[in-house]
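What follows is a structure written as structure tokens; I'll ask about it next.
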Amino acid sequence: MATTEAASVTPEILAEPPKEAEPHLILVDGSGYIFRAFHALPPMNRPDGTPVNAVFGFTNMLAQFLTKHASSHIAVVFDASRVTFRNAIYDQYKAHRPEAPPELAPQFGLIREATAAFNVACVEREGFEADDLIAAYARAFEGKGGQVTIVSSDKDLMQLVRPGVQLLDPIKQKPIREPEVLEKFGVSPDKVVDVQALAGDSTDNVPGVPGIGIKTAAALITEYGDLEGLLAAAPQIKQPKRREALIAHAELARISKRLVTLDAAAPLPHPVDELVARPPEPGRLAGFLREQGFRSLLHRMGLDGDAQPETAPVSRPRYNAPSPSLAPAAPEPEAAPAADAAPFGGYETITEAAALAPWIAAAREAGVMGLDTETDSLDALHAKLVGISIAVAPGRACYIPLGHGAPPGNGDMLQEAPAAPVQMSQAEAVAALKPLLEDPAVLKVLHNAKYDLEVLCRAENGGIAVAPVDDTMLISYSMEAGRHGHGMDELSALHLGHQPITYDTVTGTGRARIPFGQVALDKATAYAAEDADVTLRLWQLLKPRLRPDHALALYEQVERRMVAVLRDMELAGIKVDGAELARIGEDFSQRMVELEKQIHELAGRAFNIGSPKQLGEILFDEQKLPGGKRGKAGAWGTDAAVLEELATRGHALPRRVLDWRQLAKLKSTYVEGLAAQIDPRDRRVHTDFSMAVTSTGRLSSTEPNLQNIPIRTEEGARIRRAFVAEPGHVLLAADYSQIELRLLAHLADVPSLRDAFAKGEDIHSRTAADIFGLAPDKVDREARRRAKTINFGIIYGMSAFGLASRLGIPPAEARSIIDAYFSQYPGILEEMERLKSEAREKGYVLTPFGRKLWIDGIQAKEQARRGNAERAAINAPFQGGAAEIIKRAMVRMPRALQEAGLKARMLLQVHDELLFEVPEGEVEATAECVRTVMEGVAALRVPLKAEIGHGANWGEAH
DNA sequence: CGTTTCACG
DNA sequence: GACGTACGTGAAACGT
């Protein structure tokens, strides 16, 4: 933590600064420092609750600075206002800068106080940025023959670097002179503004020239001297894209240059002489530090000489804010104000049953409530409940802390270890809330309900079976998959125009992160109750849109029902044989050591095989193997396709590297990664299925991802065999056969393919016979392989080039195969074209079941990006249609199994496969039940088919 | 933190 | 005339 790393500050700073031979001005970029300190340091609060982390960081820095770098002159420079002369040049300048976070706002004033307490001049001026004033003072001081040090890491200040002017990074304590600028911008300091003019700056909204970044800009400026030289020569530039961009956006570049160029002629708020360094007045400085509770600083500066009972905080943090009682009138949903009318904030912290009762009554009266839980972990399986928030109307929400401990001790901030805040016991709160949360007459609205339901249903968290439920994340996903993300913060900004407090702001990040249960109650309430409030408002706004958007059935009958199904699958987990994984890992290690030896020998020297960069240099620079291609970053490509090609030409090294890479991948990702995820309580791994991340309606799986467990090679299959059934059980795997191709036959209505599926024939052989004009018995393996490749390629929107490279044939030949394909199956060509134009016109395509899938980039001007979007549009209905079919099977499955009296548990879904754990005696009956559900879930123009197997482990079940 | 590679469907 | 080139995911390692 920064507080403990701070170098000691000795009392010398209180003495007169030593006279330097040469005048030296230190200019501290106060504004830049404040933001960095705020984000870099963990949250800290004064005893009265005022946040002071940035103040502490600033004070500590200034104290250190005055000790180490005695100077003749010093000032701290601040931004005075948001609006400056740059806004007149370009109205978008810094337009997207969010307001300062609420925890930072009160610290600005304190930092000016700190500066004054050190007897250092504060400099600011309306209409100018701190950077301009710094530039102006630097020039003025240099004019007097002095040295200037600017304490800042802001790259915008690098243009000021010259022999008499240097920057100093206050956090890294690293000087920034010409070489550092050259490294950052690729040009000397006097050309920095020209580079910035071209490259722009997204954080400040400086536009620059589209498509040109720092690298390109530096190369251009080096070649043409400066911006005007470049713009004059623009028509002669060879790269067409770059040329067009420079010509079209010349004026934008000129404006950008004016925006980034600091105004060294800015009027000085004080004459330079007034910035002369003066020693602090000890009394005033001590008073300030004491007020903030910075005891360690007081001590280090020798300002705490006397015992100081009077410096102890006068008040302990107040955890129990007086709670205004609820207005007696019940909320009226119909008459409720528009979702964005009520203000956010002003939420109540509930610490006793009497205060909770009116909220429960209000929720009952309303019939709908927002609900959110706070826990000590993102992992629902281990998460311990630390609080519950409920919202009964927009702007009316409360937080019920249940497991909050004391905030983390911080020697500087608090005099004595604080006690845990007063709060309701979990048992008491659960007793009061359970009837409400299980009340069928009260709808509970959550965002990502699966998580909260998983937490609340666990016995140690009260065993609450929340119902009925709506989920705003899924409501949004049902209508707008692929259009944007569906996290609460994003939806709130999008639909409510409100940026909620982020989790990271409340808990801090990285090493400084504290568990939510240690967050002070006022901050916890502001965050947690707001989430329930936002959730309820989103529901009011989005739920009514489902029906007109034709997404109500999808949401209610598929997505919402998936919540409980997936919750049970995640809770169930799947058993993994850790000992077997360890044996596999040992074997892989030995083989890797052997391979590594051989590879280094073949290479003629040792290198890191895991580094694509080093490998590329070995293969193509040193060994001069043919066929190397550089990627866009200039590095040699070394992926499996490249190495495979080299290996087939008889080179020994690439083959060994391929083998090594496979083992390295399997070992790190699966053997070690998976072993680390085994829950010691049940020796099972519990994945987290994400319901709203894919653009196609598929699920995804994380921590661990159980949807990409190896199977294709023997080494990989060993890992899959480490997934086992409990004793007395087997694993049963049920795969949809060719589901996407069945959807192709259905959607494009292809008679021959429909016929093949109806008769249960091999679909790729049928395709081969059709497009190559062969009799069914003349289709050989090669013809079938080619037909299979093209069948899959079609679903992916493949080009002739792509098919050619997959099949290793000339593009012209690929072209004629594709032509034959489309002339045999004209409906498919028609369908592909229809999907592209649908996407272009509406922005989305529909799955066969009516789910809208939004296609990002379909209107893009760049050909490559638009091409990607068109292929995505072609693929989406097939991938999405398949996803929907299996989801429908999944929501029916638990009931079907139960009605058949079967004890099988569904464990995993892998896009077209379901995996079950089944008692040994029930295998046949379960297979029959699963088959009936899966095949009966949709009536297409072709039959659906499920292929079912079982075994002691996942490998054998296939 | 972005890039590269590779595991799956 | 150049560029990119098969869809959708998530995890690990490298190197800046």
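Letters go in sequence order (proteins before strands), and every chain restarts at 1.
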Checklist entry - In what stems does DNA chain C take part, counting only runs of at least 3 consecutive Watson-Crick or G-U pairs whose two distances fall under 3.5 Å? => result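 The stems that DNA chain C takes part in, listed by first number, are B:1-9 with C:7-15.
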Item to check | Any residue meeting side chain to side chain contact (heavy atoms under 4.5 Å, CB included) with A481(A), in chain and number order, not counting sequence neighbours | outcome: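 Counting only residues at least two positions away or on another chain, A481(A) forms a side chain to side chain contact (heavy atoms under 4.5 Å, CB included) with Y477(A), L853(A).
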Next on the checklist: Under 3.5 Å, is there any donor-acceptor pair linking the side chain of Q879(A) to the base of dC7(C)?
Outcome noted: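 Result: at least one qualifying N/O pair found.
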Next on the checklist: Going by the rule salt bridge (Lys or Arg N to Asp or Glu O under 4.0 Å), which residues pair with D639(A) if we only count those two or more places apart in sequence or in a different chain?
Outcome noted: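 None.
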Next on the checklist: Could you work out, with salt bridge (Lys or Arg N to Asp or Glu O under 4.0 Å) as the rule, every residue matching K215(A), not counting sequence neighbours?
Outcome noted: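 K215(A) satisfies salt bridge (Lys or Arg N to Asp or Glu O under 4.0 Å) with no other residue.
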Checklist entry - Which is true for R871(A) with a 4.0 Å heavy-atom rule: it touches a base, it touches only sugar-phosphate, or it touches nothing? => result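 Sugar-phosphate contact only - R871(A) comes under 4.0 Å of backbone atoms but never of a base.
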Next on the checklist: Going by side chain to side chain contact (heavy atoms under 4.5 Å, CB included), name the residues that satisfy it together with D154(A), two or more places apart in sequence or in a different chain.
Outcome noted: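 Here the qualifying residues are D29(A), D131(A), S152(A), D156(A), L157(A).
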Next on the checklist: With rounding to the closest Å, how many angstrom separate the P atoms on dG9(B) and dT5(C)?
Outcome noted: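 24 Å, rounded to whole Å.
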Item to check | Candidates E714(A), E580(A), E715(A) - the one meeting salt bridge (Lys or Arg N to Asp or Glu O under 4.0 Å) with R721(A) | outcome: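 Result: among E714(A), E580(A), E715(A), E714(A) is the only option passing the salt bridge (Lys or Arg N to Asp or Glu O under 4.0 Å) with R721(A).
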Checklist entry - Between dG9(B) and R712(A), is there an OP1 or OP2 to side-chain N/O distance shorter than 4.0 Å? => result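 Yes.
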Next on the checklist: Students often get this wrong, so: under 4.0 angstrom with heavy atoms, is E913(A) touching a base, only sugar-phosphate, or nothing?
Outcome noted: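 Nothing, no heavy atom under 4.0 Å.
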Checklist entry - Taking atom C1' of dC6(B) as reference, at what distance in whole Å does atom CD1 of I719(A) sit? => result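 Result: 13 Å.
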Checklist entry - What is the distance, rounded to the nearest whole Å, between atom CZ of R661(A) and atom P of dC6(B)? => result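 In whole Å, dC6(B) P and R661(A) CZ are 4 Å from each other.
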Checklist entry - Of all residues at least two apart in sequence or in a different chain, which pass the salt bridge (Lys or Arg N to Asp or Glu O under 4.0 Å) check with E831(A)? => result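 Result, salt bridge (Lys or Arg N to Asp or Glu O under 4.0 Å) vs E831(A): R834(A).
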Checklist entry - How is I711(A) classified with respect to the nucleic acid when contacts are heavy atoms under 4.0 Å: base, sugar-phosphate, or nothing? => result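 The residue I711(A) makes sugar-phosphate contact but no base contact.
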Item to check | Whole angstrom value for the distance that separates C1' of dT5(C) from CD1 of I874(A) | outcome: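 To the nearest whole Å, that distance equals 13 Å.
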Next on the checklist: Pairing donors with acceptors under 3.5 angstrom, does anything connect the side chains of Y451(A) and D379(A)?
Outcome noted: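 The criterion, which ignores hydrogens and geometry beyond distance, is not satisfied for D379(A) and Y451(A).
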Checklist entry - Quick one, which residues of residues 801-813 of chain A touch DNA chain C with a heavy atom under 4.0 Å? => result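 Heavy-atom contacts with DNA chain C come from F801(A), G802(A), R806(A).
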Checklist entry - Between dT9(C) atom P and D856(A) atom CG, what is the distance in whole Å? => result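 The answer, rounded to whole Å, is 11 Å.
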Checklist entry - For F792(A), which contact category applies under a 4.0 Å heavy-atom criterion: base, sugar-phosphate, or nothing? => result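 Answer is base: heavy atoms of F792(A) come under 4.0 Å of a base.
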Next on the checklist: Going by side-chain hydrogen bond (donor to acceptor under 3.5 Å, both in side chains), name the pairs with one or both residues in residues 657-666 of chain A, residues two or more places apart or in two chains.
Outcome noted: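 Found T638(A)-R661(A), Q662(A)-T713(A).
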Next on the checklist: What is the distance, to the nearest angstrom, from the CG atom on L743(A) to the C1' atom on dG9(B)?
Outcome noted: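 In whole Å, dG9(B) C1' lies 14 Å from L743(A) CG.
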Next on the checklist: Between E862(A) (side chain only) and A864(A) (backbone N and O only), is there a donor and an acceptor less than 3.5 Å apart?
Outcome noted: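 No; zero donor-acceptor contacts below 3.5 Å.
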Item to check | Distance in angstrom units between D912(A) CG and dC8(B) C1', rounded | outcome: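 D912(A) atom CG is separated from dC8(B) atom C1' by 10 Å.
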Item to check | salt bridge (charged side-chain N to carboxylate O under 4.0 Å, His left out) partners of residues 866-880 of chain A, not counting sequence neighbours, each pair once | outcome: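 Residue pairs with at least one partner in residues 866-880 of chain A: R840(A)-E870(A).
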Checklist entry - Does a donor on one side chain and an acceptor on the other come within less than 3.5 Å for H958(A) and E913(A)? => result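 A pair is found: one side chain offers a donor N or O, the other an acceptor, under 3.5 Å apart.
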Item to check | Touch class at under 4.0 angstrom, heavy-atom based, for A640(A) against every strand present | outcome: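 The answer is sugar-phosphate, as A640(A) gets under 4.0 Å only of primed atoms, P, OP1 or OP2.
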Checklist entry - Can you tell me how far P of dG1(C) sits from CD of E862(A), to the nearest Å? => result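 After rounding, the reported distance stands at 22 Å.
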Checklist entry - Can you give one letter per nucleotide of nucleotides 10-16 of chain C, going 5' to 3': B for a protein heavy atom under 4.0 Å from the base, S for sugar-phosphate only, - for none? => result BBSSSSS
Checklist entry - Do E480(A) and H484(A) have side-chain N/O donor and acceptor atoms under 3.5 Å apart? => result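 Present: a donor and an acceptor within the cut-off.
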Item to check | Residue pair Q879(A) / T696(A), side-chain donor-acceptor N/O under 3.5 Å | outcome: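 There is such a pair between these side chains.
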Next on the checklist: Mind checking if T789(A) touches a base, just sugar-phosphate, or nothing, with heavy atoms under 4.0 Å?
Outcome noted: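 Contact class for T789(A): base.
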Checklist entry - Distance check: side-chain N/O of N875(A) vs OP1/OP2 of dA6(C), anything under 4.0 Å? => result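 The answer is no; no side-chain N or O of N875(A) sits under 4.0 Å from OP1 or OP2.
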Checklist entry - What is the ring orientation for W954(A) with F723(A), classed by angle as parallel under 30°, tilted 30 to 60°, or perpendicular over 60°? => result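 Perpendicular: the ring planes of W954(A) and F723(A) meet at over 60°.
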Checklist entry - What residue pairs, at least two apart or across chains, pass ring pair (Phe, Tyr, Trp, His ring centres under 6.0 Å) with a residue in residues 789-821 of chain A? => result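 Those involving residues 789-821 of chain A are H764(A)-F792(A), Y821(A)-Y825(A).
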Item to check | Interatomic distance where CG belongs to L663(A) and P belongs to dA7(B) [whole Å] | outcome: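 So the CG-P distance, L663(A) to dA7(B), works out to 10 Å.
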All N/O pairs under 3.5 Å across the protein-nucleotides 1-3 of chain B interface:
none

